[in-house]
J.: 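Following this message is one structure expressed as structure tokens.
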Amino acid sequence: MRLNKQHWAVIKLLVFTLSLLPFFELLFDGINDQLGANPIETLHFGFGDWALRFLCIGLALTPIKIIAGQSWPVRFRRMMGLFAFFYASLHLLVYVVLDLSLSWTALIDEAPKSPYILAGLVTYLLLLPLALTSTQSMQKRFGRYWLVLHRLVYVAAITALVHYFWLVKKDYTQPLIYAAVMTMLLAVRIYKFYQKQMRRVKTRSPGLRQKKTTNNEISR
Amino acid sequence: MLIKSQTEIASHEITDRKVFESRRQFIKAATALSASALLPNQAQAEPGKYANAAASPYSIAVGTTDREDVISYTNYYEFSTNKQDSTLLAKGLTTSPWSVEVLGETEKPGVYHLEDILKDNPVEERIYRFRCVEAWSMVVPWIGFPLGEMLKKLKPTSKAKFVQFTTLYNPDIMVGQRSHVLEWPYVEGLRMDEAMHPLTILATGMYGDTLPNQNGAPLRLIVPWKYGFKSIKAIVKIEFTETMPATAWNKSAPGEYGFYANVNPEVPHPRWSQGRERVLGSSIFAPKRATEKFNSYGEQVAGLYSAMDLTKFF
């Protein structure tokens, strides 16, 4: 069966609703006092974990497209990216409002002593322009620079991992899992890039060079 | 939203245990059958093993953290690095019978049964602040006895300069010991004067009852002016040594966790500030508490370190 526009709209709505579930789960746990002995930490880590997970999902879509040879995963790229930003915003909001109690002096005392907080803030500042320019009209306005700008997501993925590694006391299992996933996703892209390069080299091989040069000359 | 009881309560506002219990008794009698449904913390209403432990002048006059928070939020890497998992996994530990081996620079080395230790060292209640190196804190009514009193009876020799404590090593039950997150068994230590200080206790209970496994049953150290990781759990060995013991966290990251580990807001952890602490059980809108030097016990213990540069000996 071929999926038409309406089908995709329904699927997108479903994915959207599913993506909001972690938010509502933490919200209801909070209302029902089910966040444990350190509720702020539970909220803060919960939102942070989901921001990282959605970042991973967003970064997985292109590799899935490459491996599956299907274009549908790309339809969800913006939504997943925006959910990563949504959970990262909540993560930051909990830190600023609940952990710091909106105190500038607390932030000024803590941030310079805590490199992981700086790495987290940098990550958020990298994600912010991506979220702001995620609309179709912005995409058009930025033209070919849009793609260049949105490559910042790879930098954000790395600073997010640094943020996680730096805050862990001793057990690196969790950040290592995220690092492994992101490395795999990056590996697929690098492999694909390498393949393209190889093809380009092949097209420049002696038999074809003549034709290519001619083409270039024509285009000039 | 979340409105929990405030932790900071003046001492005169704290209900006396006897009054509290007699009220409970009254409520129980009056409501007979429906009592269990009406009292969510019924287990606490039953008098615990140490319900009549003597109060101590060393206790601080602040309200204690909800027991529920204290028993569900524990760092116990022998079981898991996850605070909730370690609580569940620790239930598998058998804490009776239990004995403690005493060795090293002492005239009375040997294996001592815990019940004999407790017979010789009457317990009392000590309400102390507990500050974790992860920047959270709580106030716990421990049941224990002064470590110094016990050590005196063991007659340390003149060579004894430090006391080293070792946790049980049993990877069959302490499943966290199967991973190499720390060097096992967990070892902690104190300088002799720190160990002899009247604030330092060996705890065997809390909240008027025996220690839950996850909180270090059956015998743990409590040094209230130091970060929580100094307060080693499930002690099986006490050794008097001439040289400074190599302690677990110090071995794993010497630049981050010193031997002394005194609570000190002026000396940040290399990766985070120690200036403030999240008080467990406070409202989620309550600001963090400003951490006090020596965790508020400065008056009693600052003298132990008067000649030392605390930024160097952290």
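Quick note on labels: first sequence line is chain A, next is B, and so on, each numbered from 1.
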J.: Please find the pair of heavy atoms, one from A:P115 and one from B:P270, that lie closest to each other, and give the distance.
T.: CD-O, 4.1 Å

J.: Considering residues, nucleotides and ligands other than A:Q197, do more than 12 of their heavy atoms fall under 6.0 Å from its CD?
T.: yes

J.: May I ask you to say whether A:K169 pairs ionically with B:E134, meaning some side-chain N is under 4.0 Å from a carboxylate O?
T.: yes

J.: Given a strict heavy-atom distance threshold of 4.5 Å, which part of A:A111 is in contact with chain B: side chain, backbone, both, or neither?
T.: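 Neither part.
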
J.: I'd like to know which of B:I71, B:V133, B:T81 tops the heavy-atom pair count under 4.5 Å against chain A.
T.: B:T81

J.: With only heavy atoms counted, which part of B:V70 is less than 4.5 Å from chain A, the side chain, the backbone, both or neither?
T.: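 The answer is neither part of B:V70.
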
J.: Find the one option among B:S72, B:S252, B:S179 whose heavy-atom pairs under 4.5 Å with chain A are most numerous.
T.: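 Between B:S72, B:S252, B:S179, the count favours B:S252.
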
J.: Would you name the heavy atoms of A:L98 and B:R278 that are closest together and state the gap between them?
T.: O-NH2, 3.1 Å

J.: Roughly how far apart are A:N38 CG and B:W136 CH2, rounded to 0.5 Å?
T.: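 Reported value, rounded in 0.5 Å steps: 8.5 Å.
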
J.: For A:A37 and B:L280, which heavy atoms make the closest approach, and how far apart are they?
T.: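 So the minimum-distance heavy-atom pair works out to O-CD2, 3.6 Å.
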
J.: Counting distance only, does the side-chain N/O of B:R271 pair as donor-acceptor with the main-chain N or O of A:W166 below 3.5 Å?
T.: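 Yes, the answer is positive, given that a donor and an acceptor are paired below the 3.5 Å cut-off.
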
J.: Decide if atom OH of A:Y172 counts as having more than 12 heavy atoms of other residues, nucleotides or ligands within a radius under 6.0 Å.
T.: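 Atom OH in A:Y172 is packed in, count exceeds 12.
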
J.: Side chain of B:R276, backbone of A:L100: donor and acceptor closer than 3.5 Å?
T.: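 The answer is no, because no donor-acceptor pair under 3.5 Å joins these two groups.
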
J.: Is A:R141 atom CZ crowded by more than 12 heavy atoms from other residues, nucleotides or ligands, each under 6.0 Å away?
T.: no

J.: If every non-hydrogen atom of A:S114 is compared with every non-hydrogen atom of B:S273, which pair is closest and at what distance?
T.: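 It is OG-N, 3.7 Å.
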
J.: For the OG1 atom of A:T42 and the CD atom of B:Q84, what is their distance to the nearest 0.5 Å?
T.: 6.5 Å

J.: Given a strict heavy-atom distance threshold of 4.5 Å, which part of A:L167 is in contact with chain B: side chain, backbone, both, or neither?
T.: backbone

J.: How about B:K83: does its NZ atom have over 12 heavy atoms from other parts shown lying under 6.0 Å from it?
T.: yes

J.: Could you go step by step and tell me if A:K170 and B:Y257 meet the side chain to side chain contact (heavy atoms under 4.5 Å, CB included) rule?
T.: CA-CA 12 Å; A:K170 195 75 224 300; B:Y257 309 99; 6.0 Å; no

J.: Does atom CD (A:Q195) have a neighbourhood of more than 12 heavy atoms from anything else shown, all under 6.0 Å?
T.: yes

J.: In terms of heavy-atom pairs under 4.5 Å, which option from A:I117, A:D109, A:D99 contacts chain B the most?
T.: A:D99

J.: Please check if the number of heavy atoms outside A:R77 that lie under 6.0 Å from its CZ is greater than 12.
T.: no

